[in-house]
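The block underneath contains the structure these notes are about, expressed in structure tokens.
All heavy atoms count here, side chains included; hydrogens, waters and symmetry mates do not. Nothing fancy with the numbering, it's 1 onward along the sequence. Keep in mind that this is a model prediction, so the values were computed, not measured.
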Amino acid sequence: MKEKISFTVALGGICSAVCVFTMFLSGFLPMFGYTIPAFAGFMMVVMVVETSIGWAMATYCSVSLLCIFVTPNYESSLLFILFMGYYPILKYYLDRHVKKPVRIAIKLIVYNAAIVLFYMAFKFIFTAVDMMEGLERFGKYAPLVLWLMANGVLPVYDYALTQLTEVYTTWFRKKILKRK
């Protein structure tokens, strides 16, 4: 029992460190502003598979708190906090315990709530950033176009997360880590 707790705490520390480091890099590599939070979120899959959902949530909370203070790119931090950090944990749970139609509805609701919060944060808090830049030709329909484009990302992200989780559990975990 004592070995399991020490392993869990150590793994949580390592995953947190990797997440915070990669999130910190988003300030120096702004072209990866969306992929860095996605990678950091994938580290939560490692926590869920190796430990539990509770420990993964604790890791997510600690990384989210540290990102606020350490990450120079607020857009990436907000993406991690509002969606990409906890979604892999939620997905892992939903894919194993909830029927497909309900699972899809929950994912869409959570994703769209995160999109709205992200948009509102940038509209009212980070006023220097214009989310509608480049969408001027759509006029008053620009928010709708942006929302539709954003909803096109969820299936791609969900599929990529599924594939990465499969690679981690079936190949990396068995061949590299020598764990069953």
Side-chain angles (χ1 to χ4, degrees), residues 7-92 107 110-111 113-135 146 149-169 171-173 175-177:
F7 169 79
T8 303
V9 171
L11 183 63
I14 291 168
C15 287
S16 295
V18 169
C19 288
V20 171
F21 177 71
T22 55
M23 292 300 293
F24 180 73
L25 288 178
S26 69
F28 302 104
L29 302 168
M31 68 287 262
F32 297 120
Y34 296 111
T35 56
I36 286 175
F39 172 75
F42 176 70
M43 294 305 293
M44 298 305 121
V45 171
V46 173
M47 283 301 295
V48 169
V49 170
E50 299 299 334
T51 61
S52 68
I53 289 176
W55 280 99
M57 284 304 293
T59 304
Y60 158 73
C61 290
S62 66
V63 171
S64 295
L65 186 63
L66 288 169
C67 279
I68 293 170
F69 299 113
V70 174
T71 306
N73 186 339
Y74 294 117
E75 185 176 4
S76 292
S77 294
L78 207 55
L79 277 171
F80 181 82
I81 293 167
L82 291 178
F83 184 71
M84 292 185 175
Y86 68 84
Y87 181 74
I89 302 167
L90 177 68
K91 176 182 173 28
Y92 190 87
K107 288 177 181 181
V110 167
Y111 183 69
I115 289 172
V116 169
L117 286 171
F118 186 75
Y119 176 75
M120 291 301 170
F122 270 85
K123 187 174 181 179
F124 297 114
I125 298 171
F126 305 112
T127 56
V129 179
D130 184 17
M131 294 284 296
M132 296 299 151
E133 186 177 337
L135 296 174
L146 184 64
M149 289 187 323
N151 271 287
V153 172
L154 179 62
V156 174
Y157 180 61
D158 192 71
Y159 179 75
L161 205 52
T162 301
Q163 296 304 310
L164 285 171
T165 303
E166 279 293 313
V167 167
Y168 177 76
T169 56
W171 179 77
F172 187 82
R173 192 166 192 262
K175 302 270 188 208
I176 306 298
L177 298 178

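The two residues Pro37 and Phe80 have their closest heavy-atom pair at O-CD1, 3.9 Å. Of all heavy-atom pairs spanning Tyr60 and Gly85, the tightest one is CD1-C, 3.5 Å. The nearest pair of heavy atoms linking Ser16 to Ser62 is OG-OG, 3.4 Å. Closest approach of Met84 and Tyr34 over heavy atoms only: SD-O, 3.7 Å. Across all non-hydrogen atoms, the minimal contact from Cys15 to Thr59 is CB-CG2, 4.3 Å. For the pair Asn73 and Pro30, the tightest heavy-atom approach, listed with the atom from each and the gap, is ND2-CA, 4.5 Å.
Looking only at side-chain heavy atoms (C-beta outward), Phe83 and Leu154 come within less than 4.5 Å of each other. Counting heavy atoms from C-beta on, the side chains of Phe32 and Thr22 never come closer than 4.5 Å. Tyr87 has its side chain within reach of Tyr157: a pair of non-hydrogen atoms, C-beta onward, lies under 4.5 Å apart. Residues Asn151 and Ile115 have side chains in contact (heavy-atom distance under 4.5 Å, counting atoms from C-beta outward). Inter-residue side-chain proximity for Tyr159 and Pro155 is flagged as unmet; no heavy-atom pair is nearer than 4.5 Å. Residues Val70 and Met23 are not in side-chain contact: their nearest non-hydrogen atoms beyond the backbone lie 4.5 Å or more apart. Contact check for Leu11 versus Thr51: side-chain heavy atoms found under the 4.5 Å cut-off. Side-chain contact between Tyr111 and Asp158: absent, with no pair of heavy atoms (C-beta onward) separated by less than 4.5 Å.
Annotation: the span from Leu66 atom CG to Phe24 atom CZ amounts to 12.5 Å, rounded to 0.5 Å. For the atom pair OG1 (Thr165) and OH (Tyr168), the distance works out to 10.0 Å, reported to the nearest 0.5 Å. The CG atom of Leu79 lies 4.0 Å from the CZ atom of Phe118; values are rounded to the nearest 0.5 Å. The distance from the CD atom of Glu50 to the OG1 atom of Thr8 is 9.5 Å, given to the nearest 0.5 Å. Rounded to the nearest 0.5 Å, atoms CE (Met57) and CG (Leu90) are 9.0 Å apart.
Checked by atom type and distance alone, the side chain of Ser76 pairs as donor or acceptor with a backbone atom of Gly33 at under 3.5 Å.
Residue pairs satisfying the ring-ring contact (aromatic ring centres under 6.0 Å, His included) criterion with at least one member in residues 36-57, sequence neighbours excluded, are absent.
Remark: of the listed residues Ser77, Ser26, Cys19, Ser26 is the sole one forming a side chain to side chain contact (heavy atoms under 4.5 Å, CB included) with Ile36. Each of Val63, Ile68, Leu65 was evaluated against Ile81; a single residue qualifies, Ile68, per the side chain to side chain contact (heavy atoms under 4.5 Å, CB included) test.
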Val45 vs Lys91, side chain to side chain contact (heavy atoms under 4.5 Å, CB included): CA-CA, chis, key distance, verdict: CA-CA 9 Å; Val45 171; Lys91 176 182 173 28; over 6 Å; no
